[in-house]
J.: 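Can you read through this structure? Questions will come right after.
Chain letters run A, B, ... following the sequence lines, proteins first, then strands; residues in each count from 1.
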Amino acid sequence: MGVIVGPRVIDAGASLFSVPISPVAVAAGFPSPAQDYFDGRIDLNAHLIKDITSTFVVRVTGDSMEGAGISDGDELIVNRALEPKDGSVVIAVLDGELTVKRLRITAAGVVLQAENPKYPDIRVSALSDLTVWGVATRCLHHV
Amino acid sequence: MSKPVLMRQMPQIAHVDVNCFYASAERAFDPSLEGRPLVVLSNNDGCAVTRSPEAKALGIPTGEPWFKLAPRAKEWGLVAKSSNYELYGDISARVMELLGRHSAWMEVYSIDEAFLGVKGEPEQLLALGRRIKDAVRRHVGVPVCVGIAPTKTLAKLCNKWAKNNPAFRGVCHWDGVPGPAREALLARLSVEEVWGIAGRLTRRLNLLGIFTVLDLLRADPVAIRDKFSVVLMRTVLELRGTPCIPMEEERIGRDQLIFSRSFSTPVTSVEGLRQVLGIYGQQASARLSKHGLQAKVLTAFAATSPFRQHEQAYPSVCVSLPMPTADPLLLTKAAHALLPHIRDGLRYAKAGLMLTDLRPTGNQPPLKPFENRHEERGIGPLLEDVSRRFGRGSIGLGHAGIKTGLDWTMKRDMRSPRYTTHWDELPLVRAA
């Protein structure tokens with residue numbers, strides 16, 4: 001028993017939430033990866049996670065990133081496979097602890113910045129001296 | 001991300017495994033453990049099942065009981081962790097999914113190792129090995145070594161060299177090692193380092209003057225068959241570069257049961273895989289019962305057909321079971337968690353279950369495997385319905401219905417958070 005949606009057959013009994021609400025318009029060309037998860041509802045995994053093998057969720061403790069909209073208790077979606085760039089919000093290893101900071105790579109050097117004037121910058125002599133655990137891609141901020 | 005290697009020459013085998021898997025999985029989320037001696041303890045915090053290199057350097061033997069180590073832990077700076085199978089299962093699933101992207105043919109051999117079919121020129125294979133190593137480190141955060149060779153036995157040996165000899169930088173390709181160097185390495189390895197050779201067999205081989213891997217390689221395969229077994233003859237042939245160990249499909253190891261099959265014709269629908277996983281769930285249950293074991297964590301995986309130009313997918317999920325169980329309905333239901341990741345229309349050539357966190361059944365007699373008729377009577381959907389409404393563990397069959405199960409009797413005082421499977425145990429990052 002199947003419901004025909006676009007070119008694929010989706011079995012209506014396949015999962016708990018499998019009743020399709022409305023098929024999306026199918027454009028020619030490369031299919032959207034989100035379609036793979038089409039079950040009629042927005043699937044946050046499909047939209048927020050680029051690569052499941054390298055994506056982790058972490059929880060923030062402390063207020064040093066308030067200026068970036070990241071508050072105490074918020075969750076961050078972190079992709080370990082991304083290359084950290086100037087301006088990235090990174091999870092860096094500092095003194096054996098996972099720490100969230102804004103990464104600045106300039107001609108003057110590499111700096112880990114807090115987004116809160118209460119906390120000083122941390123200078124790193126070279127990017128290679130820094131262990132970046134992952135790059136935050138989203139903040140799940142509690143409003 | 002690299003493309004799967006083009007199939008041109010004789011296939012080779014890449015053996016990939018995670019260095020000190022459990023310890024590495026712990027370190028991936030707790031950088032303070034880096035560089036410190038670390039042991040991971042078996043169920044009930046019994047004995048050291050995984051030792052970090054620093055712990056090995058202290059002379060801690062594998063299987064050392066914790067009560068013997070505990071008094072000296074402080075003095076050594078030794079850290080012990082209880083087994084965290086939810087974490088290890090999820091990390092394993094991530095590693096395997098990533099490995100599947102590098103080869104069209106993969107055999108998950110255990111929770112932390114896999115064989116991949118690869119092809120290419122020696123330097124391409126070496127480069128592939130390095131890409132695999134870098135990708136796993138970067139994506140998942142655990143270190144792996146890669147051994148590449150014409151046979152599984154040699155691939156495992158190469159992996160050992162890659163691990164123990166820094167010059168290989170974690171990747172060793174048999175064809176890339178010059179003949180004389182190979183012989184020197186083989187002559188230095190004692191025969192029990194070969195895959196499948198242990199204790200008594202080693203002593204019998206030693207009596208025949210076979211002490212090193214090179215001795216075994218040079219032994220007459222027919223004589224070996226007559227004196228020992230066809231299995232050992234295969235090992236000799238494999239050492240000589242003739243592949244003769246086929247894909248294994250079922251294995252019960254120290255702490256895991258792997259159950260997987262390749263299909264004679266691809267399965268192309270969610271419904272088809274639902275059936276397959278149901279059958280595996282029951283068979284795995286029977287296998288567990290036979291060994292008097294229960295499992296707490298289940299990983300289900302599937303892989304698309306390798307020899308087609310179709311789209312590839314290697315979905316896998318890791319499920320923490322509500323209680324240790326060998327119950328076929330529970331196992332099947334857990335295995336069905338893979339179904340939302342299955343896409344109709346893709347050609348799945350293989351699926352499997354991996355059960356970890358195994359423990360003896362204890363005083364409870366194991367349930368006899370259910371037969372299909374239970375499903376037909378609608379018990380499954382009924383259970384599912386009740387659990388959905390009243391919460392997981394609110395209903396179960398037989399002793400599976402005991403809400404707290406037997407898990408609380410397990411001692412896991414030193415378990416790290418289940419960082420990747422429990423929302424209230426996420427890794428904490430400091431914003432200070």
Side-chain angles (χ1 to χ4, degrees), chain A residues 1-2 7-11 13-18 31 35-39 43 45 51-66 68 70-72 74-76 78-83 91-101 114-116 118-119 131 133-134 136, chain B residues 1 27-36 90-91 93-101 134-141 268-274 311 313-317 336-337 339-346 381 384-385 388 417 419-420 423-432:
Chain A
M1 203 181 73
R8 296 199 298 116
V9 177
I10 291 182
D11 191 313
S15 76
L16 295 178
F17 312 106
S18 65
Q35 265 190 326
D36 301 344
Y37 299 87
F38 183 74
D39 61 10
D43 179 352
N45 286 329
D51 186 341
I52 194 71
T53 65
S54 58
T55 302
F56 297 85
V57 183
V58 301
R59 185 163 291 128
V60 174
T61 61
D63 61 359
S64 75
M65 293 299 284
E66 286 283 0
I70 301 170
S71 302
D72 189 38
D74 286 352
E75 289 86 18
L76 296 174
V78 177
N79 188 342
R80 294 200 61 160
L82 290 181
E83 200 68 53
I91 310 301
V93 177
L94 290 178
D95 301 324
E97 277 190 296
L98 299 176
T99 309
V100 55
K101 293 279 180 189
E115 295 267 353
N116 184 333
K118 285 200 310 204
Y119 300 89
T131 306
W133 191 87
Chain B
M1 188 53 47
R27 282 179 171 169
F29 294 90
D30 185 353
S32 73
L33 298 173
E34 212 62 61
R36 300 184 63 176
D90 179 58
I91 295 302
R94 288 169 189 255
V95 171
M96 296 308 168
E97 180 164 349
L98 200 52
L99 294 182
R101 295 179 191 168
D134 293 345
V136 178
R137 177 89 219 193
R138 211 168 116 130
H139 282 245
V140 194
T268 58
S269 69
V270 172
E271 266 327 290
L273 264 159
R274 180 190 300 277
E311 207 179 328
Y314 316 90
S316 64
V317 290
H336 282 170
L339 293 175
H341 306 279
I342 297 298
R343 286 158 50 194
D344 276 316
L346 287 192
E384 210 165 338
D385 201 43
R388 197 157 65 225
Y419 299 111
T420 62
W423 188 253
D424 46 1
E425 298 182 22
L426 295 176
L428 298 179
V429 300
R430 255 161 61 91

J.: Quick one: do the Glu115(A) and Ser64(A) side chains pair a donor with an acceptor below 3.5 Å?
T.: no

J.: Select one option (side chain, backbone, both, neither) describing which atoms of Asp424(B) are under 4.5 Å from chain A's heavy atoms.
T.: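 Backbone of Asp424(B) only, per the 4.5 Å heavy-atom cut-off to chain A.
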
J.: Would you call Arg80(A)-Asp51(A) a salt bridge at under 4.0 Å N-O?
T.: no

J.: At their closest point, which heavy atom of Pro427(B) faces which heavy atom of Phe29(B), and how far apart are they?
T.: CG-CD2, 3.8 Å

J.: Among Ala28(B), Pro31(B), Gly345(B), which residue forms the greatest number of heavy-atom pairs with chain A at distances under 4.5 Å?
T.: Pro31(B)

J.: With a 4.5 angstrom heavy-atom cut-off, which part of Lys118(A) approaches chain B: side chain, backbone, both or neither?
T.: neither

J.: Checking Glu75(A) against chain B: side chain, backbone, both or neither under 4.5 Å from a heavy atom?
T.: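 Interface part for Glu75(A): side chain.
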
J.: Taking atom types as modelled and ignoring hydrogens, do the side chains of Tyr419(B) and Asp90(B) form a donor-acceptor contact shorter than 3.5 angstrom?
T.: no

J.: Under a 4.5 Å cutoff for heavy-atom pairs, which residue among Ile70(A), Val57(A), Val93(A) has the most contacts with chain B?
T.: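 With the most close heavy-atom pairs to chain B, the winner is Val57(A).
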
J.: Starting from the C-alpha separation in whole Å, work towards a yes-or-no answer on side-chain contact (heavy atoms from CB on, under 4.5 Å) for Thr99(A) and Val429(B).
T.: CA-CA 5 Å; Thr99(A) 309; Val429(B) 300; over 6 Å; no

J.: Inspect the contact between Glu97(B) and Arg94(B) and indicate whether a charged nitrogen and a carboxylate oxygen are less than 4.0 angstrom apart.
T.: no

J.: Among Ala92(A), Gly62(A), Ser54(A), single out the residue with the greatest number of heavy-atom pairs under 4.5 Å to chain B.
T.: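 Among the listed options, the one with the most contacts to chain B is Ser54(A).
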
J.: Let me know if Ile52(A) has heavy atoms under 4.5 Å from chain B in its side chain, its backbone, both or neither.
T.: both

